[in-house]
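This is the structure I want to talk about, given as structure tokens.
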Amino acid sequence: MVRFLHRSRLEDLTVAENESPNEDTTRRFKLGDLKRTGARTDFSTPVLRGFNMGNGTLSLTLTMEQFRENSDVPNELRIMETTGIASDIAQRPLDEKHSKAIALYMLRGLVIAVRDNWIDEGKEIPTELEDILSELGEGPYQAIQPFTGNIRHCAPGGADLDIEMRPDGKLVLFLRQGQLIYVIDGQHRRHAYELLRLWLGEVTQTGRYKKRGSIYVPEDLAEDGRVSAVELEIWNAVLQLARSHFTVDVTVHLGLKSEQERQLFHDLNNLGKKPDAALAQAFDNANPVSVFVRKEIEGNRLLGTIRIADSGSKKGQRKAEDVPTIYRDDLASSNALLFAGATNQSGIIGSAVTPHYDYARRFWRAIAAQDHFGVDKWEERTILAEAVVIKALAQLAYTFHGSREKDHDLRDRFLSALEDKKISFEHKDDLWSLYFKDDADRAAIDPRLDEYLTPDAGRKSYAVWQGDQLSFASNTRDIARYLGDLIRWKLELPPRPGIAQLKAKLIREGKMAAPGKPVSSAA
């Protein structure tokens with residue numbers, strides 16, 4: 001048996017099954033010892049030979065960066081720009097919107113990986129990273145499925161490919177100039193990575209977010225789009241991880257012609273069977289928040305006759321409904337806030353939900369008992385018809401239930417106040433108009449309001465009057481905080497700690513007058 005060949009043809013390589021090449025160099029590892037490996041210096045990558053239905057293939061694992069550099073996509077745009085031969089086309093047109101969605105999915109997974117790496121290293125996790133994950137949404141596990149490709153410029157079955165056998169017995173593939181892996185399945189994943197790399201490069205190089213056409217824009221974006229120092233550290237870490245430790249698996253077919261590629265593309269994308277909608281929903285309902293919604297809110301009709309709608313998006317326009325309706329995504333977000341202080345149910349584990357059913361049931365029964373809740377044309381009679389108000393109440397409940405301000409006496413005071421209807425949720429109630437008043441008017445009502453409410457200089461859009469109805473702005477996280485501050489003052493609960501910090505920041509920036517100084521001295 002040959003133990004080492006500098007360069008050989010694939011068909012010439014055989015290894016006896018009962019022999020281990022170069023046994024004296026064999027090493028055994030724990031899987032955890034390989035956790036941080038994956039960087040490659042070139043594309044000469046180890047491969048495994050396979051036979052898919054008798055057809056010769058190669059299986060390889062390489063970084064996404066290497067795959068992008070050593071692959072191409074035979075779709076219409078690329079082919080017509082290069083060879084101009086229509087018969088070489090073997091891919092559908094690229095869908096930019098779909099690729100952006102995958103890029104966001106990749107970004108989410110990489111941010112989670114950065115956080116997990118920092119935890120392993122004992123590094124403190126900044127609140128900015130948690131805010132990013134809160135906005136992106138954190139899933140319990142994420143991965144990219146394998147790619148399928150073809151090396152066109154080789155003999156059928158790859159008989160003339162350059163292969164090297166290393167002293168340890170590994171087979172290593174070398175691609176000559178012009179030998180690329182043409183993507184048969186995965187062009188949108190490949191393009192998504194290109195979009196992600198471009199976005200990360202722009203953010204880290206310019207130190208600013210683009211407000212339009214971007215993969216991700218923070219909700220609390222500064223007016224000039226500037227990236228904070230902490231955020232810059234996060235995105236640099238994500239970029240480094242994307243370059244060196246984002247690996248993908250690729251199954252490579254050898255020497256297929258374009259018509260064979262087209263057939264394989266068809267088979268891979270059309271012969272699979274998607275799960276039935278009911279089965280997919282059942283799988284999603286394994287999430288503990290979804291289980292609570294299904295078993296308790298729907299099963300025990302905690303919201304009375306109100307309809308729970310499965311269509312609609314919390315980021316889109318709501319259509320007028322014939323009957324009082326709450327959208328399922330808003331209900332899921334509200335419960336994520338109620339149980340875990342999160343805006344997305346993904347990543348919330350059972351231990352954060354199941355032991356707290358009594359608390360959650362009490363909350364929803366108190367909400368459903370409010371005046372005008374769920375009645376005909378309730379949107380004209382109560383601000384509870386707007387999902388952000390329920391989210392604000394859920395967020396405030398969790399604040400005293402399980403956050404850093406955890407205080408179950410305060411939580412019970414809040415829930416009791418809801419049950420006793422000490423808050424009026426009618427549009428006309430003066431409580432909801434306090435942010436429309438100036439400092440002097442608010443001081444005349446109660447000087448303590450200054451301790452509770454977000455200063456005008458630090459507040460974003462709040463709400464507008466549409467006839468006799470209040471319509472709240474779309475910046476959900478901020479609106480929920482503003483409403484929570486009003487309720488804290490109304491029920492004489494402690495003011496939000498962040499108010500004092502925000503004031504100090506605004507004073508330092510010259511956007512707010514320091515105590516005892518005239519307002520005109522502020523910038």
Side-chain angles (χ1 to χ4, degrees), residues 324 326 330 334 337-338 362-375 377-401 405 407 410-500 502-503:
I326 289 182
D330 287 325
S334 297
L337 287 165
L338 184 65
R362 183 182 178 188
F363 173 84
W364 286 109
R365 288 189 179 113
I367 295 296
Q370 298 303 309
D371 293 339
H372 313 305
F373 184 86
V375 302
K377 296 183 178 180
W378 67 321
E379 66 277 359
E380 298 177 5
R381 308 175 71 178
T382 174
I383 62 173
L384 287 170
E386 291 217 35
V388 68
V389 180
I390 295 178
K391 293 176 185 179
L393 295 170
Q395 181 172 292
L396 188 56
Y398 175 76
T399 296
F400 300 127
H401 177 73
E405 290 185 73
D407 186 324
L410 293 176
R411 177 202 64 188
D412 292 340
R413 276 178 55 189
F414 170 59
L415 294 177
S416 294
L418 286 177
E419 292 164 341
D420 296 338
K421 300 182 181 179
K422 292 185 177 180
I423 304 171
S424 170
F425 293 98
E426 293 186 357
H427 293 272
K428 63 184 180 182
D429 192 275
D430 290 339
L431 178 65
W432 315 117
S433 296
L434 285 176
Y435 277 118
F436 296 123
K437 301 181 182 297
D438 59 28
D439 291 337
D441 289 337
R442 286 194 288 262
I445 295 171
D446 185 350
R448 295 180 307 149
L449 274 169
D450 180 63
E451 303 172 14
Y452 281 87
L453 303 190
T454 302
D456 294 343
R459 189 172 64 249
K460 298 181 182 179
S461 54
Y462 170 62
V464 295
W465 284 102
Q466 295 181 339
D468 295 330
Q469 292 179 226
L470 266 178
S471 179
F472 293 99
S474 60
N475 47 318
T476 301
R477 179 190 291 179
D478 296 314
I479 299 302
R481 288 171 179 160
Y482 303 156
L483 294 173
D485 293 339
L486 292 171
I487 294 169
R488 285 173 183 257
W489 170 77
K490 176 71 175 180
L491 300 180
E492 297 184 347
L493 298 169
R496 178 162 55 95
I499 294 294
L502 177 60
K503 284 182 180 179

**OP:** Please test Tyr452 against Ile499 for side-chain contact (heavy atoms from CB on, under 4.5 Å), starting from the C-alpha separation and ending with a verdict.
**Re:** CA-CA 7 Å; Tyr452 281 87; Ile499 294 294; over 6 Å; no
Subject >> Residues in side chain to side chain donor-acceptor pair (under 3.5 Å) contact with Ser416, at least two apart in sequence or another chain >> reply: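 For Ser416 the side chain to side chain donor-acceptor pair (under 3.5 Å) partners, ignoring immediate neighbours, are Arg362.
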Subject >> Partner set under salt bridge (charged side-chain N to carboxylate O under 4.0 Å, His left out) for Glu380, not counting sequence neighbours >> reply: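 For Glu380, no residue satisfies salt bridge (charged side-chain N to carboxylate O under 4.0 Å, His left out) once neighbours in sequence are set aside.
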Original post:
Partners of Lys437 by side chain to side chain donor-acceptor pair (under 3.5 Å), sequence neighbours excluded?
Top reply: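 Partners of Lys437 by the side chain to side chain donor-acceptor pair (under 3.5 Å) criterion come out as none, since no residue qualifies.
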**OP:** Mind checking salt bridge (charged side-chain N to carboxylate O under 4.0 Å, His left out) for Asp450 and listing every partner two or more places apart, or none if nothing turns up?
**Re:**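 Asp450: salt bridge (charged side-chain N to carboxylate O under 4.0 Å, His left out) contacts with Lys503.
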Original post:
At their closest point, which heavy atom of Ile423 faces which heavy atom of Gln370, and how far apart are they?
Top reply: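 Minimum heavy-atom contact is O-OE1, 3.9 Å.
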Original post:
Quick one: OG1 on Thr476 to NZ on Lys391, what's the gap to the nearest 0.5 Å?
Top reply: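 Going from the OG1 atom of Thr476 to the NZ atom of Lys391 covers 5.0 Å.
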Original post:
Side chain of His372, backbone of Glu379: donor and acceptor closer than 3.5 Å?
Top reply: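 Side chain of His372 to backbone of Glu379: no pair is present.
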Original post:
When rounded to the nearest 0.5 angstrom, what distance separates CG in Leu418 from CZ in Phe363?
Top reply: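 The CZ atom of Phe363 is 7.0 Å from CG of Leu418, to the nearest 0.5 Å.
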**OP:** Would you confirm whether Asn475, through its side chain, and Asp478, through its main-chain N or O, come within 3.5 Å as a donor-acceptor pair?
**Re:**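 No; zero donor-acceptor contacts below 3.5 Å.
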Subject >> Minimum side-chain heavy-atom gap Phe373-Thr382 below 4.5 Å >> reply: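 Heavy-atom side-chain distance check fails, nothing below 4.5 Å.
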Original post:
Of all heavy-atom pairs between Ser461 and Ala473, which one has the smallest distance, and what is that distance?
Top reply: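 In this case the closest contact between Ser461 and Ala473 is OG-CB, 3.5 Å.
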**OP:** Under the salt bridge (charged side-chain N to carboxylate O under 4.0 Å, His left out) rule, collect the residues that match up with Arg459, sequence neighbours excluded.
**Re:**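 Asp456.
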**OP:** List the steps, then state whether side-chain contact (heavy atoms from CB on, under 4.5 Å) holds for Ile487 with Leu393.
**Re:** CA-CA 9 Å; Ile487 294 169; Leu393 295 170; 3.4 Å; yes
Original post:
How many angstroms lie between atom CH2 of Trp378 and atom CZ of Arg381, to the nearest 0.5 angstrom?
Top reply: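 Reported to 0.5 Å precision, the distance equals 12.5 Å.
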Original post:
Quick one: does Thr399's side chain get under 4.5 Å of Phe414's, heavy atoms only?
Top reply: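 The answer is no, as the side chains (C-beta and beyond) never meet within the 4.5 Å cut-off.
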Subject >> Euclidean distance, Asp407 CG relative to Asp412 CG, rounded to 0.5 Å >> reply: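 Here the interatomic distance stands at 9.0 Å.
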Original post:
With side chains defined as the heavy atoms from C-beta onward, is the minimum distance between Leu431 and Ser424 less than 4.5 Å?
Top reply: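 Not touching, per the 4.5 Å side-chain cut-off.
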**OP:** Taking all non-hydrogen atoms of both residues into account, name the closest pair between Ser334 and Ala394 and its distance.
**Re:**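 Shortest heavy-atom separation between Ser334 and Ala394 comes out as O-CB, 3.4 Å.
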Subject >> Ring centres under 6.0 angstrom apart (Tyr435, Tyr482) >> reply: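 Ring centroids of Tyr435 and Tyr482 are less than 6.0 Å from each other.
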**OP:** Would you indicate whether the side-chain heavy atoms of Arg448 and Glu492 approach each other to under 4.5 Å?
**Re:**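 A side-chain contact under 4.5 Å exists here.
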Original post:
Just by distance, do the side chain of Arg488 and the backbone of Pro494 share a donor-acceptor pair under 3.5 Å?
Top reply: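 Flag set: sc Arg488 to bb Pro494 pair under 3.5 Å.
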Original post:
Regarding Arg496 and Thr454, is there a side-chain donor-to-acceptor distance under 3.5 Å anywhere?
Top reply: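 The criterion, which ignores hydrogens and geometry beyond distance, is satisfied for Thr454 and Arg496.
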Original post:
Measuring from Leu434:CG to Asp485:CG, what's the distance to the nearest 0.5 Å?
Top reply: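 Between Leu434 CG and Asp485 CG, I get 11.5 Å after rounding to 0.5 Å.
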Subject >> side chain to side chain contact (heavy atoms under 4.5 Å, CB included) partners for Lys422, two or more places apart >> reply: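 Counting only residues at least two positions away or on another chain, Lys422 forms a side chain to side chain contact (heavy atoms under 4.5 Å, CB included) with Ala417, Asp420, Leu491.
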**OP:** Heavy atoms only: give me the nearest Gly484-Leu396 pair and the separation to one decimal.
**Re:**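 Answer, listing the atom of Gly484 first, then Leu396: O-CD2, 4.1 Å.
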Original post:
Atom OG of Ser433 and atom NE2 of His427: how far apart are they, to the nearest 0.5 Å?
Top reply: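 If we round to the nearest 0.5 Å, Ser433:OG and His427:NE2 are 11.0 Å apart.
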Original post:
Got a sec, which residues hit side chain to side chain contact (heavy atoms under 4.5 Å, CB included) with Asp438, two or more places apart in sequence or on another chain?
Top reply: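 Checked Asp438 against side chain to side chain contact (heavy atoms under 4.5 Å, CB included); matches are Ala440, Asp441.
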**OP:** Could you pull out all residues at least two apart from Glu451 that satisfy salt bridge (charged side-chain N to carboxylate O under 4.0 Å, His left out)?
**Re:**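 Here no residue qualifies.
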Subject >> Partner residues of Trp432 under the ring-ring contact (aromatic ring centres under 6.0 Å, His included) criterion, sequence neighbours left out >> reply: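 If we apply the ring-ring contact (aromatic ring centres under 6.0 Å, His included) test to Trp432, skipping adjacent residues, the hits are Phe425.
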Subject >> Close side-chain approach of Asp330 to Ile390, heavy-atom, < 4.5 Å >> reply: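 Side chain of Asp330 against side chain of Ile390, heavy atoms only: no contact under 4.5 Å found.
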**OP:** Check whether any side-chain heavy atom of Arg413 sits under 4.5 Å from a side-chain heavy atom of Leu493, and report yes or no.
**Re:**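 SC-SC contact between Arg413 and Leu493 confirmed.
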**OP:** Determine, stepwise, if the pair Glu426 / Asp371 fulfils side-chain contact (heavy atoms from CB on, under 4.5 Å).
**Re:** CA-CA 8 Å; Glu426 293 186 357; Asp371 293 339; 5.5 Å; no
Original post:
Would you call Lys490 and Leu486 a side-chain contact if the rule is heavy atoms closer than 4.5 Å?
Top reply: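 Result no, sub-4.5 Å side-chain heavy-atom pair not found.
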**OP:** Please list, chain by chain and in numerical order, all residues satisfying ring-ring contact (aromatic ring centres under 6.0 Å, His included) with Phe472, sequence neighbours excluded.
**Re:**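 Result, ring-ring contact (aromatic ring centres under 6.0 Å, His included) vs Phe472: Tyr462.
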**OP:** For Ser474, check side chain to side chain contact (heavy atoms under 4.5 Å, CB included) against everything at least two apart and list the hits.
**Re:**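 Partners of Ser474 by the side chain to side chain contact (heavy atoms under 4.5 Å, CB included) criterion come out as none, since no residue qualifies.
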Original post:
For Gln395 and Arg481, what are the C-alpha separation, side-chain angles and deciding distance, and is it a side-chain contact (heavy atoms from CB on, under 4.5 Å)?
Top reply: CA-CA 8 Å; Gln395 181 172 292; Arg481 288 171 179 160; 3.8 Å; yes
Original post:
For the residue pair Leu470 and Glu386, what are the closest heavy atoms and their distance?
Top reply: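 Smallest heavy-atom distance, with atoms named: O-OE2, 3.1 Å.
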Subject >> Qualifying residues under side chain to side chain donor-acceptor pair (under 3.5 Å), relative to Lys460, sequence neighbours excluded >> reply: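 Side chain to side chain donor-acceptor pair (under 3.5 Å) check on Lys460 returns Asp220.
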